[in-house]
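Structure first, then comments.
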Amino acid sequence: MSNKGRVFSGARPTGRQHLGNYLGAIKNYVELQTKYDCIYCIVDLHAMTTLEELEYIKTNTAEMALDWLAAGLEPEKSILFTQSHVPEVTELHTILSMFTPLGKLTDLPTFKDKVRLQPQNVNYGLVGYPVLMTADITLYKAEIVPVGVDQQSHIEFAREIVRTFNYRTKKQVLIEPQMKNTDFPKVIGTDGKKKMGKSENNHIELALSDEETTEVVKTMVTDPQRIRLKDPGNPEVCNVYTLHQYFSESEQVQEINHDCRKAKIGCVDCKLILSQKINENLGSFREKRNQLSKNPQHIWEILDDGAKRARKIAANTIAEVKSAAGLT
Ligand code: ADP
């Protein structure tokens, strides 16, 4: 890797990616590759905090990597790998945990949310999640971390752990990461209300066929005030219109805005145009994905190679951290 400045981002292996993942994260990952040295990690250890996912980790990892590659992540330029393939991260996690006040971890709103969501499975990993995330980032001395809004408190937390570690060891070994916000922090799902996500079942997968995309887009909830075709619509409260802003050309968006307000276009037609636009935008992604999926072994080879490159960086950092902490 060069000295362009290093970006790190990790995402749990959630399998096939949806438009929310694409606009909120992957698109940004692809663009960052031109300016920075990027390290993108499928954080399979983090996925273990919700036990139901165990049996899906492997297939979800492969499906997600397939989507990332098809969307334009380039293994020649960036490092793509799986978290557990670089065991140094667990070592750093343990060391950093000694510099982390437990009360702060249990006070984090994200931890409290998890406790509410899975009261039957409040495991240690859920509490330690932000420490492992700090290890993920600092192991590679990443300066920039592209994050969604939900992860911002964790980055702040990571910065605190780094400051404490550097202060207590009197060595500036670890780097305080900076957040880089995405342009699309919250893509709303087909229900028109909640953030698009698999668990809400309101998502549109990138890898759907054109016909499947059209079928899902047809189910999207539009402006609830617009009941009959002749009622004028309010594009600003319609998620179909919002998605048009991401996928349609600006003249088309203006025309839809105008025609919707004047009741010249109905929701059915508006959705049909949207699905065509999504399909056009994702055409080359889907073609590439089909090609890549013919050789699943190749995906694992790419992740394997990425892990080897990541481990070289990790080994250096761990040696420095241990030395700073008096563990030599
Ligand atoms: P994780 O648990 O790793 O955050 P997710 O699948 O929820 O896994 O998210 C992966 C990435 O995609 C994150 O950067 C997240 O912010 C982004 N993302 C997910 N859903 C949306 C959405 N509906 N709108 C914008 N960004 C999203």
Side-chain angles (χ1 to χ4, degrees), residues 7-32 38-54 56-57 59-68 71-73 80-84 89 108-111 113-114 117-118 125-126 128-130 132-137 142 144-155 157-158 177 179-207 216-217 220-221 239-240 242-243 245-247 278:
V7 163
F8 175 93
S9 189
R12 298 181 327 137
T14 48
R16 291 183 170 209
Q17 302 289 280
H18 51 72
L19 290 184
N21 300 130
Y22 178 65
L23 296 168
I26 305 169
K27 208 166 167 287
N28 205 15
Y29 288 2
V30 174
E31 286 162 11
L32 287 168
C38 298
I39 304 183
Y40 296 125
C41 178
I42 299 178
V43 291
D44 51 355
L45 292 170
H46 283 293
M48 294 176 76
T49 53
T50 39
L51 284 179
E52 297 73 44
E53 290 174 9
L54 282 188
Y56 304 115
I57 287 181
T59 40
N60 278 356
T61 299
E63 290 283 350
M64 189 157 140
L66 202 52
D67 279 343
W68 280 9
L73 294 197
L80 311 183
F81 74 107
T82 307
Q83 184 186 30
S84 65
V89 77
L108 280 173
T110 43
F111 172 66
D113 278 352
K114 283 283 181 212
L117 286 171
Q118 52 178 66
L126 283 183
Y129 193 103
L132 183 54
M133 183 167 160
T134 305
D136 283 324
I137 299 164
I144 298 158
V145 185
V147 279
V149 263
D150 34 1
Q151 291 294 338
Q152 286 181 1
S153 61
H154 288 166
I155 300 296
F157 201 77
M179 282 181 266
K180 190 172 191 337
N181 291 329
T182 137
D183 294 341
F184 304 109
K186 192 170 178 183
V187 179
I188 301 295
T190 51
D191 55 4
K193 283 193 195 127
K194 297 198 183 114
K195 186 172 168 182
M196 185 179 284
K198 279 199 169 173
S199 51
E200 298 296 344
N201 201 18
N202 64 357
H203 59 295
I204 304 174
E205 278 179 7
L206 304 175
V216 181
V217 171
M220 284 182 72
V221 174
N239 192 34
V240 173
T242 308
L243 287 188
Q245 292 177 301
Y246 301 148
F247 290 102
I278 295 175

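Just so you know, ligand 1 is whichever comes first in the structure, and atom 1 is the first atom listed for that ligand. These numbers were taken from a predicted model, which means no experiment stands behind them.
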- Can you tell me the protein heavy atom closest to atom 4 (O) of ligand 1 and the distance? Gln151 NE2, 4.3 Å
- Identify the heavy atoms of Val43 and Pro13 that sit nearest to each other, and give their distance. O-CD, 3.4 Å
- Message: Checking side-chain polar atoms at under 3.5 Å, does Asp44 have a donor or acceptor matched by the opposite partner on Ser84?
- Response: yes
- Query: Quick one: which ligand 1 atoms are inside 4.0 Å of a heavy atom on Gly24?
  - Reply: 25 (C), 26 (N)
- Item | Which atom of Ile144 lies closest to which atom of Lys180, heavy atoms considered | CG2-CB, 3.7 Å
- Residue, atom and distance of the protein heavy atom nearest atom 16 (O) of ligand 1 read Gly148 CA, 3.6 Å
- Which of the atoms in ligand 1, numbered in the order shown and given with their element, are less than 4.0 Å from a heavy-atom of Ala25? 11 (C), 12 (O), 14 (O)
- Item | Shortest heavy-atom approach to atom 18 (N) of ligand 1 - which of Gly10, Gly20, Ser9, Pro146 | Gly20
- Note on the structure: Contact region, Thr14 to ligand 1, non-hydrogen atoms below 4.0 Å, reads side chain
- Of all the heavy-atom pairs spanning Val30 and Ala71, show the shortest one and how long it is. CG2-O, 3.5 Å
- Task: Ignoring hydrogens, tell whether any protein atom lies closer than 4.0 Å to atom 21 (C) of ligand 1; use the non-hydrogen atoms only.
- Result: yes
- Item | Considering all heavy atoms, the nearest Lys194-Glu200 contact | CD-OE1, 3.3 Å
- Item | Heavy-atom neighbours of Met48 CE exceed 12 at 6.0 Å | no
- Among protein heavy atoms, which lies nearest atom 24 (N) of ligand 1, and at what distance? Val187 N, 2.8 Å
- Message: I'd like to know if atom 7 (O) of ligand 1 has any protein heavy atom within a distance of less than 4.0 Å.
- Response: no
- Message: Suppose I only count heavy atoms of Pro185 and a 4.0 Å limit; which atoms of ligand 1 are within that range?
- Response: 24 (N), 25 (C), 26 (N)
- Near His18 (heavy-atom distance under 4.0 Å), the atoms of ligand 1 are 20 (N)
- Item | Which residue and heavy atom of the protein sit nearest atom 12 (O) of ligand 1, plus the separation | Asn21 ND2, 3.2 Å
- Message: If the cut-off is 4.0 Å to any non-hydrogen atom of Met196, which atoms of ligand 1 fall inside it?
- Response: 20 (N), 21 (C), 22 (C), 23 (N)
- If you take all heavy atoms of Val7 and Pro146, which pair is closest and at what distance? CG1-CD, 3.7 Å
- Distance from atom 2 (O) of ligand 1 to nearest protein heavy atom, with residue and atom: Arg12 NE, 2.9 Å
- Could you check whether the rings of Tyr129 and His154 sit parallel, tilted or perpendicular, using 30° and 60° as the cut-offs? tilted
- Query: What are the two closest heavy atoms between Tyr29 and Gly10, and how far apart are they?
  - Reply: OH-O, 4.2 Å
